[in-house]
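Not measured: the values here are computed from a predicted model. Lettering of chains follows the sequences in order, A, B, ..., and the numbering in each one begins at 1.
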Amino acid sequence: MKKRASELGSTIQPLDRTFFRRDPRRVARDLLGKILLREGEFHLMARIVEVEAYLGENDPAAHAAAGNTARNSVLFGPPGYAYVYFIYGNHYCLNVSCLPVGVAGGVLFRALEPVAGIAEMAAARDIEIPDLDEARPALLKKISSGPGRMSEAFGVTRERDNGKDFTSTRSDLRIVEDDYRVRGVTVTPRIGIVKAAERPLRYFITGSPFVSGRKSQDR
DNA sequence: TACATGATGCCCT
DNA sequence: GGGCATCATGTAG
């Protein structure tokens with residue numbers, strides 16, 4: 001089940017900008033199973049298993065609902081760029097912009113399945129993993145199941161990553177795909193919001209043990 | 001200039 | 001299952 005980075009190397013290719021120039025709901029669903037990649041001091045790879053769509057100015061729960069401001073301007077820019085914001089005085093959350101210039105919309109990354117650089121991600125989270133091969137799934141899940149957790153695992157901050165191009169080979173933060181096929185997708189309401197809380201815009205890979213929340217189903 | 005609050009996670013019961 | 005840390009942002013005054 002677990003793949004080494006070298007096994008993925010021959011088949012991976014970056015997503016292009018047209019992938020992101022679509023309705024956030026389509027982008028969100030299609031992002032499941034893709035790979036988030038960080039090339040920095042360490043080489044990090046993790047599979048996207050849970051996301052949420054934020055629709056833009058007409059979505060009361062979206063940051064873009066406030067209009068174009070200094071904070072959220074990436075959402076109004078071209079598609080395929082990183083929107084990072086700081087929340088609850090503690091956490092960073094990572095999004096990708098969707099739709100053409102001038103039309104706001106985005107997808108929030110909520111949970112990842114660690115693929116490569118697992119020891120480095122665990123260290124960034126201050127999680128002790130004595131033996132990677134024997135590590136319990138419950139321990140691996142702590143690394144990146146949740147928006148704040150996965151940002152910490154990938155070293156994502158607003159200062160470092162806001163406005164980065166996910167589709168450029170010159171970027172150290174990219175989204176790529178391999179031959180992985182998603183078998184099933186579950187759709188539920190979004191987490192942790194008050195406005196428009198009933199809309200089913202949260203997507204995750206059915207049965208993935210790396211989805212956020214206690215039962216890995218709902219929360 | 002002040003204030004209320006949030007696309008959260010951790011720790012304690 | 002619930003309280004709380006902690007601060008940037010938006011909005012009201």
Can you measure [X] atom [atom1] to [N] atom [atom2] for me and round it to whole angstrom units?
| X | N | atom1 | atom2 | result |
| --- | --- | --- | --- | --- |
| A:Lys195 | B:dG6 | NZ | C1' | 8 Å |
| A:Asp59 | B:dA7 | CG | P | 11 Å |
| A:Asn95 | B:dT8 | CG | C1' | 14 Å |
| A:Tyr54 | B:dA7 | OH | C1' | 3 Å |
| A:Arg149 | B:dC11 | CZ | P | 10 Å |
| A:Tyr92 | C:dT6 | OH | C1' | 12 Å |
| A:Phe109 | B:dA7 | CZ | P | 18 Å |
| A:Ile87 | B:dT5 | CD1 | C1' | 8 Å |

Salt bridge check: are A:Asp165 and A:Arg170 linked by an N-O gap of less than 4.0 Å?
no
Could you pick out which residue, A:Lys142 or A:Ala62, lies toward the 5' side of DNA chain B when each is mapped onto its nearest nucleotide?
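Nearest-nucleotide comparison on DNA chain B picks A:Ala62.
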For A:Arg110 and A:Ser212, which heavy atoms make the closest approach, and how far apart are they?
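Shortest heavy-atom separation between A:Arg110 and A:Ser212 comes out as NH2-OG, 3.3 Å.
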Tell me whether the count of non-hydrogen atoms from other residues, nucleotides or ligands lying under 6.0 Å of CZ in A:Arg26 goes above 12.
no
Residue A:Glu159 excluded, over 12 heavy atoms near CD under 6.0 Å:
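Atom CD in A:Glu159 is crowded, with more than 12 foreign heavy atoms closer than 6.0 Å.
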Are the side chains of A:Arg29 and A:Val187 in contact, using a 4.5 Å heavy-atom criterion?
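In short, these two side chains touch, coming nearer than 4.5 Å.
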Do A:Glu50 and A:Phe210 have side chains that get closer than 4.5 Å, going by heavy atoms?
no
Sidechain-backbone polar pair: A:Asn95 side chain, A:Gly106 backbone, donor-acceptor under 3.5 Å:
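The answer is no, because no donor-acceptor pair under 3.5 Å joins these two groups.
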Below the 4.0 Å mark, does B:dA7 have OP1 or OP2 next to a side-chain nitrogen or oxygen of A:Arg202?
no
Determine: side-chain N/O of A:Arg125 to OP1/OP2 of B:dG9, distance under 4.0 Å, yes or no.
no
With hydrophobic residues grouped by side-chain heavy-atom distances under 4.5 Å, do A:Leu173 and A:Tyr85 end up in a single group?
no
Angle class for the A:Tyr92/A:Phe86 ring planes (parallel below 30°, perpendicular above 60°, tilted otherwise)?
tilted
Measure from the side-chain heavy atoms of [X] and tell me the nearest of [options].
| X | options | value |
| --- | --- | --- |
| A:Val194 | B:dA7, B:dT8, B:dG6 | B:dG6 |
| A:Tyr88 | B:dG9, B:dA7, B:dG6 | B:dG6 |
| A:Asn90 | B:dA7, C:dT6, B:dG6 | C:dT6 |

For DNA chain C, what is the dot-bracket line, given that a base pair needs Watson-Crick (N1 to N3, plus N6-O4 or O6-N4) or G-U wobble (N1-O2 and O6-N3) geometry with both distances under 3.5 Å, and | means paired with another strand?
|||||.||||||.
Letter by letter from the 5' end, nucleotides 8-13 of chain C scores (B base, S sugar-phosphate only, - none; protein heavy atoms under 4.0 Å) SSS---
